[in-house]
Structures are given as structure tokens and as C-alpha cells.
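Source: prediction; values computed, not measured. By convention here, the first residue in the shown sequence is residue 1.
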Amino acid sequence: MTQDRSIATQIVELIQTERLPVGAHLRAQMLADKLRVSRTPVNDALAMLHDKGLVKREKNRGFFLAQPVEKPAAQLAAELGLAEPDLVGDAYFQIAEDLLGGSLPTEVPELALRQRYGLTATQLNAVLTRITQEGWGERKPGYGWTFSTMLTTPDSLLQSYRMRLALEPAALLEPGYRLDAQVIARLRAAEQHLLDGGIQTDTADQLHDRGVRFHESLVEGSGNPFFIDTIRRVNRVRRLLSYRSMRERTRYEEHARQHMHLLDLLEQGRNADASAAMRAHLDHTLAALASIRSILKSEKPD
């Protein structure tokens, strides 16, 4: 049940971050897409939240928010009995940290992973499934795994941002660009949550996912499937290094304000100005990341 409870907690956090009103339809596919999991664990988590009274199930219609989420998500999760240790999430980050630090080889037997991280076969499968979906690990013939070294250096993360610097400003200039008003409102609420204290209280995973949702949503407004597919691919693999950069959070307040400014420009139809602002925003991020290279470097023993 640990994994289901973790997903239930993430759903509570999403409800709060996006400020969904009572009665909002919690569509399983939408939640699965945002949380990057399949629909089955999402449906299980929604059923759990139904049992807790936070959501209600309507026959042949699905799940709907039954109560306002006004308390901090972590506090509400604890009160609902959802705040159990997330063994799968913890193991995911520890594997990433060990790979970045050089203490985990890039090729390793599955049994060795189970023993090293104290996981059951089911828990390890959940971790490895997530790693596979994000593109930095794959199963070898037999029972071993190979992890990618593509994003295990500071230069790799900086290179991914330079690619985004070429793509994202251009996406905002695509003919027929359109960002739905509801999407703008949802993204603005997420940024306001950060400015209201979420920068310090959110986990690295939550910070990363909010940034991913913001930039992917803006690129999706272009309607260009090549741009959209490219940004999604980059975001899947850059998590391996980007979460480490979140140890230094002082830059996030300025980032949130820049995101707010971008939304204002797009809402006003000033796409040329938004494109220039996006370029400045990514340039600012590149400079910030370059200044914390010591945090991004692998910490291999001498």
C-alpha cells in the first residue's frame, strides 16, 4: 500500500497546488498524465481518498472533489493517514544520488539492487519502471540493469538548457499559438503557491514537476507536435541532475516571478515579448546553474 498512499498524497498536493474547487472532476487519465504513472494506481488512490471522504464517486461519471483542500497538503495527508514513508520514492532518489556520486555502477544485477536498497521485488519494479519511463535506465538481457551516463555531469544539464533555449522561445512564436485561459489560471496558481511558501516546503520532486508542467504547458500552446515531443523527452531525462540543483533554492522566488510575467504577456497576446522573456528566463537559469556547479558535480571518492 505504500506506493498507493504516495500517489494519493501527490493527488492531494495537486488539488491544492492547482486550487481545484469543490466539485472538480478528478479525471484518472489527467491525473495519471500529470503524475507520470498508469491509471491503475491513480484509480486505487482515488478510491482510497473516497474512503477518507475527500473525494466522492459518482456512478458512471468518476471521482469529484468533495471537500476543499485548505490545509497544507502535508498536514492533510498526515490527518488522512497517507503520510507513510514513501519507500519507492526514497529508493528512486537514492539510486540517482548513488549513480551521480559514482558509488553505484552503471551496470548492476537486479538482486544486488534489491539487497542494496532493502526493497521487495514489487517495490523495486516500481522504482525501475519509473527510471525506465524517464529514460535513464533499461533492462539488460537476463536480470541486470544498465543506467545511462548521459546526464551524470554538470555539462549535461547545462546542455539540456541550451537546447531548451533554442526551442522554447521559438514555440511561443508559432502561428496560431494559443494558451487556454484555464491553463493560465492553473499555472498562475501553482506559481503563487511557490511564492506563498512552497519553495521551502515542497519536495525536490514537487519543485521539478511544477517546473516541468509550466514549461511543457507553454510549449503545448504552440500546437507543434515536434516541439511538444522534444520538450517532453528532455524533461524526462533531465530529472536525474536537476533535482540535485534544488538543494540551492534561493533562485526559485525570482523564477516564479519570471513565470508570472510570462503568463501575463501570453494572456495579453504579446507573444514576441513573451518569447524574449522566455529567452531571458532560460539565460538566467543557465547562469544560476553555472554558479552552483559544485553542487551538480559527482562526489566520487578519491
Side-chain angles (χ1 to χ4, degrees), residues 9-10 12-19 34-36 69 72-75 77 86 89 92-93 96-97 100 134 151 154 156-165 167-169 172 179 183-219 231-232 234-267 274 276-297:
T9 300
Q10 291 179 61
V12 173
E13 292 168 345
L14 193 64
I15 291 169
Q16 183 187 64
T17 299
E18 301 194 356
R19 299 184 180 181
K34 289 181 179 294
L35 300 178
R36 289 176 169 77
V69 178
Q75 179 183 340
D86 181 8
Y92 166 90
F93 281 111
E97 184 68 27
L100 287 167
E134 293 176 0
L151 286 180
S156 299
L157 184 60
L158 298 178
Q159 287 164 359
S160 77
Y161 269 88
R162 284 195 287 273
M163 193 286 294
R164 292 175 57 200
L165 191 58
L167 183 149
E168 294 188 44
L172 303 185
L179 198 60
V183 174
I184 292 177
R186 171 172 58 81
L187 296 175
R188 186 174 279 125
E191 297 304 317
Q192 190 60 54
H193 162 78
L194 294 179
L195 292 171
D196 289 343
I199 291 171
Q200 298 304 322
T201 60
D202 284 7
T203 65
D205 226 2
Q206 291 163 350
L207 281 176
H208 177 83
D209 286 341
R210 286 194 177 94
V212 164
R213 284 198 295 271
F214 180 88
H215 285 275
E216 288 187 359
S217 294
L218 265 57
V219 172
I231 194 66
R232 287 175 178 170
V234 170
N235 283 333
R236 278 199 299 270
V237 298
R238 74 184 176 92
R239 180 191 297 263
L240 184 58
L241 260 174
S242 67
Y243 92 87
R244 177 176 277 199
S245 73
M246 293 171 195
R247 295 178 185 176
E248 175 52 66
R249 299 191 178 201
T250 56
R251 61 194 174 91
Y252 274 85
E253 182 174 347
E254 180 60 26
H255 281 197
R257 297 192 187 283
Q258 291 173 4
H259 283 183
M260 288 286 212
H261 180 55
L262 276 163
L263 293 174
D264 290 341
L265 293 173
L266 290 171
E267 194 170 40
M278 176 64 81
R279 178 171 295 280
H281 171 63
L282 292 173
D283 272 334
H284 179 270
T285 304
L286 265 170
L289 289 174
S291 71
I292 58 170
R293 287 177 65 90
S294 61
I295 293 177
L296 300 174
K297 286 181 181 178

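Residues V183 and S217 share a closest heavy-atom pair of CG1-CB, 4.1 Å. Shortest non-hydrogen contact noted between A277 and L262 is CB-CD2, 3.8 Å. Across V234 and S160, no two heavy atoms sit closer than the pair CG1-CB, 4.1 Å. In this structure, A274 and L172 approach most closely via the heavy-atom pair O-CD1, 3.6 Å.
Looking at heavy atoms from C-beta onward, L187 lies out of side-chain contact with E191 at the 4.5 angstrom threshold. By the 4.5 Å heavy-atom criterion applied to side chains, D283 and R279 are counted as neighbours. Proximity of M278 to L218: side-chain heavy atoms (C-beta onward) are separated by under 4.5 Å at one or more points. Side-chain contact between Q192 and R19: present, with at least one pair of heavy atoms (C-beta onward) separated by less than 4.5 Å.
Distance CG/L167 to CZ/R162: 15.5 Å, rounded to 0.5 Å. Taken to the nearest 0.5 Å, the CG atom of L165 stands 5.5 Å off from the CG atom of L282. Rounded to the nearest 0.5 angstrom, H215 NE2 and I231 CD1 are separated by 8.0 Å. Atom CD of residue Q10 and atom NZ of residue K34 lie 13.0 Å apart, to the nearest 0.5 angstrom.
Checked against side chain to side chain contact (heavy atoms under 4.5 Å, CB included), E253 has the following partners two or more places apart in sequence or in another chain: L195, I199, R257. For H255, the ring pair (Phe, Tyr, Trp, His ring centres under 6.0 Å) test picks out Y252, H281, H284, with sequence neighbours left out. Considering only residues two or more places apart in sequence or on other chains, R188 meets the salt bridge (charged side-chain N to carboxylate O under 4.0 Å, His left out) condition with D264, E267.
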